[in-house]
Amino acid sequence: MTATATRVLVLNSGSSSVKYQLLDMRDGARLAVGLVERIGEGSSRLAHTPLATGGERRETEGPMADHEAALKAVAAELAADGLGLDSPELAAIGHRVVHGGLKFTEPTVIDDAVLAEIERLVPLAPLHNPANITGIRTARALRPDLPQVAVFDTAFHTTMPEYAARYALDVETADRHRIRRYGFHGTSHAYVSRKTAALLGKDPSEVNVIVLHLGNGASASAVAGGRCVDTSMGLTPLEGLVMGTRSGDIDPAVTFHLKRVAGMSEDEVDELLNKRSGLVGLCGDNDMREIRRRIDAGGADGARARLAFDIYIHRLKKYLGAYSAVLGRVDAVAFTAGVGENAAPVREAVIAGLEEMGMAVDADLNAQRSGEPRLISPEYARVAVAVVPTDEELEIAQQTYALVSA
């Protein structure tokens with residue numbers, strides 16, 4: 001890598017989409033951001049914003065048969081702004097990979113053996129890893145000479161002790177089929193826990209933080225001295241908190257009951273729990289702003305929205321209490337992601353009544369909006385309550401650049 005190579009392209013490849021950001025690692029500045037949607041469908045769409053030149057967002061539509069066509073279109077957009085993939089300033093491409101199992105505990109330079117291992121993990125993430133692999137193969141074909149780095153959602157959680165990571169299943173069966181709690185959103189939990197420590201003016205090794213990543217997908221983590229010791233998602237992202245469309249924690253026997261009594265197939269149960277449950281299943285909405293509007297409007301519709309909100313908050317409080325017990329000493333609670341960063345009523349409701357645990361929210365501070373990390377707890381609170389905007393792309397870029405620089 002040359003001294004002038006300071007840029008990292010971050011790719012997040014989905015089954016029919018590619019999100020991307022190009023960052024300059026000298027200061028973390030975003031040079032370009034974009035999204036390709038509906039890959040493989042009749043009319044794909046690419047939205048590209050060249051931040052480095054201050055240019056306006058550009059949108060193009062047209063057929064893109066596969067990820068190779070999509071990434072070539074992305075490369076063309078970057079080249080039009082003087083940011084092409086052939087630039088000597090491009091140091092590496094960082095790929096978000098959802099599942100790294102137990103083997104991948106840190107960012108890893110991708111070679112054929114690494115790619116084969118990521119493929120071996122497909123049964124653990126059948127919706128995500130195949131798309132991640134497609135993005136990796138395409139990028140490697142476009143720039144075979146450039147370091148490609150996999151940054152895994154699960155890696156941050158591999159520090160969990162065995163008693164937190166294992167389910168109470170027959171050990172031989174669990175080991176044979178790699179059944180354990182892996183956790184997800186790891187790049188966000190790593191970034192936010194570290195930023196929270198900085199907000200308190202301390203080193204991460206000195207701080208115990210509970211991170212609440214609340215988006216359409218939602219997860220909690222208990223981070224002791226910079227290391228994850230527990231997290232709410234498990235073998236899959238279905239376990240844990242109430243989410244936009246996912247049920248979160250549920251009695252496993254519900255699945256057997258639905259198959260026996262309702263005659264539902266495995267695929268139907270899977271779709272119910274992952275796509276038609278959570279807030280959507282409870283009240284028909286997974287947008288917290290709309291749920292709050294319905295609550296304020298009142299009536300029967302508002303009552304249904306209120307019940308969904310209360311179930312959502314109740315589950316969060318349970319995890320907050322559980323992780324307080326796991327950590328023993330809590331220095332901070334950090335809210336992040338779309339709901340966590342923007343929904344003041346959620347933050348207020350989660351912390352309400354926890355004064356005996358040293359937690360409180362200042363109403364005025366909580367109502368303020370900002371894109372910067374900030375405290376929303378009063379000075380007298382024993383536990384700091386913070387809002388810390390997450391930046392998973394920057395975390396992936398930093399991990400990628402640190403690895404290839406070394």
Side-chain angles (χ1 to χ4, degrees), residues 98-105 120-129 152-186 189-190 193 208-213 217-225 227-243 245-262 264-274 277-278 281 311-312 314-330 357:
V98 168
H99 217 303
L102 290 180
K103 184 177 181 63
F104 297 112
T105 62
R120 198 175 74 85
L121 293 167
V122 164
L124 294 176
L127 298 179
H128 298 95
N129 271 31
F152 300 90
D153 271 14
T154 50
F156 183 64
H157 304 303
T158 57
T159 56
M160 283 191 294
E162 279 292 285
Y163 55 76
R166 277 196 177 271
Y167 293 109
L169 290 173
D170 169 67
V171 171
E172 289 185 7
T173 301
D175 287 350
R176 185 181 310 118
H177 300 288
R178 295 176 288 177
I179 300 172
R180 62 187 289 118
R181 301 181 62 249
Y182 293 99
F184 299 90
H185 295 146
H189 287 281
S193 60
N208 288 355
V209 185
I210 297 173
V211 178
L212 302 177
H213 176 108
S219 60
S221 68
V223 183
R227 294 168 60 84
C228 177
V229 295
D230 208 344
T231 191
S232 58
M233 286 180 167
L235 175 72
T236 76
L238 181 60
E239 187 181 359
L241 304 176
V242 175
M243 305 177 219
T245 65
R246 298 181 192 133
S247 65
D249 291 342
I250 196 168
D251 181 348
V254 168
T255 60
F256 313 142
H257 180 79
L258 289 171
K259 292 172 73 172
R260 283 195 303 262
V261 176
M264 295 176 70
S265 67
E266 290 179 2
D267 288 344
E268 287 171 330
V269 173
D270 191 310
E271 182 184 6
L272 171 68
L273 296 181
N274 278 290
S277 295
I311 292 171
Y312 181 89
H314 179 69
R315 186 78 56 82
L316 276 165
K317 281 182 178 285
K318 285 175 66 175
Y319 270 90
L320 196 54
Y323 286 175
S324 295
V326 166
L327 290 171
R329 186 197 81 244
V330 180
M357 296 172 62

Task: Sidechain-backbone polar pair: S193 side chain, A190 backbone, donor-acceptor under 3.5 Å - done: yes
Task: Heavy-atom pair with the smallest gap, counting every atom of G183 and T154 - done: O-CG2, 3.1 Å
Open item on the list: Quick one: does any side-chain atom of H99 pair with a main-chain N or O of D153 as donor and acceptor, under 3.5 Å?
Closed with: no
Task: Separation between OG1 of T158 and CZ of F152, rounded to the nearest 0.5 Å - done: 11.0 Å
Task: Non-hydrogen atoms of Y312 and V242 that approach each other most closely - done: CE1-O, 3.4 Å
Open item on the list: I need the minimum non-hydrogen distance between R246 and M233, along with the two atoms involved.
Closed with: NH1-CE, 3.8 Å
- [ ] Give a yes or no answer on whether the side chain of Y167 reaches the backbone of G234 with a donor-acceptor pair at less than 3.5 Å.
- [x] no
- [ ] To the nearest 0.5 angstrom, please state how far the CG atom of L241 sits from the CG atom of L212.
- [x] 7.5 Å
Task: D249 (side chain) donor-acceptor with G240 (main chain) under 3.5 angstrom - done: yes
Task: Spacing of CG belonging to N208 relative to OH belonging to Y323, to within rounding of 0.5 Å - done: 14.0 Å
Task: Check: C228 main-chain N/O paired with T159 side-chain donor or acceptor under 3.5 Å - done: yes
TODO: Give a yes or no on whether the backbone of G278 and the side-chain of T245 come within a donor-acceptor separation of less than 3.5 Å.
DONE: no
Open item on the list: Under 4.0 Å between a side-chain nitrogen and a carboxylate oxygen: does that hold for E162 and R180?
Closed with: yes
Open item on the list: Within the supplied structure, the quantity of interest is the number of heavy atoms (other residues, nucleotides, ligands) at a distance under 6.0 Å from R227 CZ; does it exceed 12?
Closed with: no
- [ ] For the pair H213 and H189, name the ring-plane relationship: parallel under 30°, tilted 30 to 60°, perpendicular over 60°.
- [x] tilted
Task: Flag, side chain of S232 to backbone of A220, donor-acceptor distance under 3.5 Å - done: yes
TODO: To the nearest 0.5 Å, tell me how far L102 CG sits from R178 CZ.
DONE: 9.5 Å
Task: Side-chain donor or acceptor of D230 paired with backbone N/O of A222 under 3.5 Å - done: no
